[in-house]
Amino acid sequence: MELKTRIVKSAELKNSIIKRLYFDKALSCADLSEVLEKSVPSVSKAISELIEEGFVMEQGYAPSSGGRRPLMYCLQPSAMYIVTVAMDQLSTRIQMLDLHNNPIAETVMTELKLFNNPKALPLLIEYINDYIDASGIGIGMPGFIDSAKGFNYTYLDSAGQSLTELIAEKTGAPVYIANDSSLIAIAEQKFGIAKNHRDVMVINLGWGIGLGMIVNGELYRGNSGFAGEFSHIPLFDDGALCTCGKRGCLEAEASMLVVAEKAIQGIKDGHISSLKHTDKDPYKVVGNAIMEAANNGDQFAIELLSDAGYKIGKALAILIHIMNPESIVLSGRGAIVGKLLLAPIQQALTKYCIPRLVSSTELLISALGFNAELIGTAVLVMENFDKDNKNQSITTKQLSMEKTSKN
C-alpha cells in the first residue's frame, strides 16, 4: 500500500512538472521546486525519469547572474500531440499541435453550420476521427457552455449526454470543451500580447462578438459559467432582431456577419468598391474579402468596418466602467483589421467613457489573431493534464503503442 502511494505521488509530480514546463517554456530544478512546493531531490528524481521517458530534455544553462548557472529543462515537443478544434457558427478548424504549440500538420477547415443543424455533432466527430488519433482533444465552440459537465446549451444537441463523454467515446481520446471566447482569452494571457496581465478583457472579433474575461489573473466564468455575453448587450433602441430573439444587441448591429450583409446590400445599391459579390458567395467569403479589401484601402470596406468599430467602442465604454480593466485586446478572426478599428473604437470611448477610467486602459491588437482559439484549446487540454492523469504519466512509448494499435 505504501509503495502504491509513492508511485501515485510520483506520477502526480511528473504530470505537474509537464504542465508547468508547458506554460513557462523552460525552468530549472530549483524553479520547479519553488513553484510546485516540492523538495529539490524529489523534483530532480522526477525530471530524470521524465527525461528517460522522453517527455523532458535539457535546454542548456541559464545566463549567469553572478553565481553558478542553473541547468534549464523544457518539454520534448514531440512527446505528445494535442488536437485543437476551433469552431464558429459557420466553419470548423482542426489542427494538431506539439507541446511547444507548433503545428505538426496542416490545418483542416471545413464548412459546418451550427444553427438549426442536427447533423452538426455527428459530422464534428467524423471530422475529428478523419483527422488523426490524438492524446487529448480540446474544442472551442460558440454558445452557452458548461465546461465542467460538458454541455453546449446553444448548439450540438447531444440528447442529454455530455458532449465530452460522447466525443471521447467516439474518438478514444480525452475531450475538453469551452466557450471559444474564453479560450481566446486564455491564449492571450498565457502566450499572447496579454501575457501575465491580471485584469484583461479579450474581445473575440468573429462572426459574432465574444468576450473572455481575465480577472485577478484567472478566467472569470460567472455564477453559471456563462459570463462574457458581450455581444448581447442591448445598445440600440428598436434595433435589428438578434439571433437571441431580442432587439438592439451589439451582435445584431456590428458583427462581421452584419458587416457582410451590409456589404452585399451596398454593392447591389451601387456603392463603388473593389469588392465583388455573387449570390452564391457565403457570408464567410464576403467577410474575409471585406477585411482584405479594407487593409488594401477600399473606402467602402473601411467605412463598413469603421461603423462597426464605433459601435463596439460604445459597448466597450460600458465594459470599462464596470470592470476597469488593465487592458483590452482585440483578438480572433477580426484582429487582422485591428489597426483600422482602433480609431473608431477610441472615438467612441472618448465620447462615452469617463476620461480617468479610459486613460488607464490600454487597447491592444492580438498577434495570435485567428490562431488564438487553436492555441487556447491546447491550453485547455494542458490545464487539465495533471487532473486527469493523476495516477499515470503518459510516455512517448505508450502513445506510439496506442497509435499503432488503432491503425
Side-chain angles (χ1 to χ4, degrees), residues 10-29 31-32 35-36 43 46-60 62 71-86 93-108 128 131-140 168 171-176 178 183-184 186-192 195-196 367-368 371-404 406:
S10 173
E12 289 178 0
L13 176 56
K14 287 193 285 186
N15 288 326
S16 295
I17 289 172
I18 291 168
K19 178 177 174 180
R20 199 65 265 160
L21 288 177
Y22 171 77
F23 288 113
D24 291 334
K25 300 300 185 184
L27 293 169
S28 68
C29 183
D31 292 332
L32 285 165
V35 73
L36 298 176
V43 172
I47 289 174
S48 296
E49 292 177 2
L50 286 169
I51 290 174
E52 186 178 340
E53 292 167 2
F55 246 108
V56 171
M57 61 183 183
E58 296 177 355
Q59 192 186 55
L71 182 60
M72 305 297 286
Y73 299 95
C74 67
L75 291 179
Q76 174 66 252
S78 60
M80 187 174 79
Y81 301 131
I82 302 170
V83 166
T84 61
V85 182
R93 289 173 293 150
I94 305 177
Q95 172 72 78
M96 179 167 279
L97 303 178
D98 65 19
L99 289 178
H100 288 183
N101 285 335
N102 297 314
I104 64 160
E106 290 186 10
T107 302
V108 172
I128 293 173
Y131 187 75
I132 199 164
D133 289 310
S135 56
I137 301 171
I139 307 177
T171 61
V175 176
Y176 312 93
L183 292 180
I184 288 173
I186 291 174
E188 295 293 350
Q189 187 210 24
K190 299 293 186 182
F191 297 108
K195 186 172 175 62
N196 298 324
L368 300 178
N371 290 325
E373 187 179 351
L374 289 170
I375 294 173
T377 53
V379 171
L380 178 64
V381 173
M382 293 307 295
E383 289 226 319
N384 287 279
F385 186 81
D386 59 347
K387 300 173 185 175
D388 290 353
N389 294 289
K390 286 184 178 180
N391 299 331
Q392 59 180 340
S393 180
I394 301 175
T395 67
T396 307
K397 183 178 180 182
Q398 287 172 322
L399 288 173
S400 299
M401 290 172 63
E402 287 176 13
K403 291 176 182 178
T404 302
K406 289 179 182 179

Let me confirm one number: the CG-CG distance from Asn15 to Asn384, rounded to the nearest 0.5 Å. 12.0 Å
From Ile51 CD1 over to Met57 CE, what is the distance, rounded to the nearest 0.5 angstrom? 10.5 Å
Hey, what's the ring geometry for Tyr22 with Phe191, parallel, tilted or perpendicular (30° and 60° as the breaks)? perpendicular
Against Val43, only a single residue in Asp31, Ile17, Val35 fulfils side chain to side chain contact (heavy atoms under 4.5 Å, CB included); can you say which? Ile17
The reported gap from OG1 in Thr84 to CG in Leu97 (rounded to nearest 0.5 angstrom) is 4.5 Å
Side-chain donor-acceptor pairs of residues 371-383 under 3.5 Å, sequence neighbours excluded:
residue	atom	partner	partner atom	Å
Glu373	OE2	Met87	N	3.2
Thr377	OG1	Glu373	O	3.4
Thr377	OG1	Leu374	O	2.7

Contact check, side chains of Gln76 and Leu99, non-hydrogen atoms, under 4.5 Å: no
Closest contact, heavy atoms only, Ala46 versus Leu13: CB-CD2, 3.9 Å
Under 3.5 Å, side chain of Lys195 to main-chain N/O of Lys190, donor-acceptor pair present? yes
Going by the rule side-chain contact (heavy atoms from CB on, under 4.5 Å), which residues pair with Ser48 if we only count those two or more places apart in sequence or in a different chain? none
Going through the distances and angles, do Cys74 and Lys25 end up as a side chain to side chain contact (heavy atoms under 4.5 Å, CB included)? CA-CA 6 Å; Cys74 67; Lys25 300 300 185 184; over 6 Å; no
I want to check something: taking the side chain as every heavy atom from C-beta on, are Leu75 and Met80 in contact at a cut-off of under 4.5 Å? no
Decide if the gap between the ring center of Phe385 and the ring center of Tyr176 is smaller than 6.0 angstrom. no
Which heavy-atom pair separates Ala26 from Gln59 by the least distance, and what is that distance? CB-OE1, 3.0 Å
Of the non-hydrogen atoms in Gly140 and Leu183, which two are nearest, and what is the gap between them? CA-CD1, 3.4 Å
Contacts of Gln95 that satisfy side chain to side chain donor-acceptor pair (under 3.5 Å) - sequence neighbours left out: Thr107
Taking only residues two or more places apart in sequence, or in another chain, which ones meet Tyr73 in a ring-ring contact (aromatic ring centres under 6.0 Å, His included)? none
Contacts of Asp98 that satisfy side-chain contact (heavy atoms from CB on, under 4.5 Å) - sequence neighbours left out: Pro77, Tyr81, His100, Asn102, Ile104
Counterpart residues, side chain to side chain donor-acceptor pair (under 3.5 Å), relative to Ser16 (two or more places apart): none
For Lys19, enumerate each residue passing the side chain to side chain donor-acceptor pair (under 3.5 Å) test, keeping only those at least two apart in sequence or located in another chain. Asp386
Any residue meeting side-chain contact (heavy atoms from CB on, under 4.5 Å) with Ala105, in chain and number order, not counting sequence neighbours: Tyr131
Could I get the full list of side chain to side chain donor-acceptor pair (under 3.5 Å) partners for Arg20, not counting sequence neighbours? Asp24
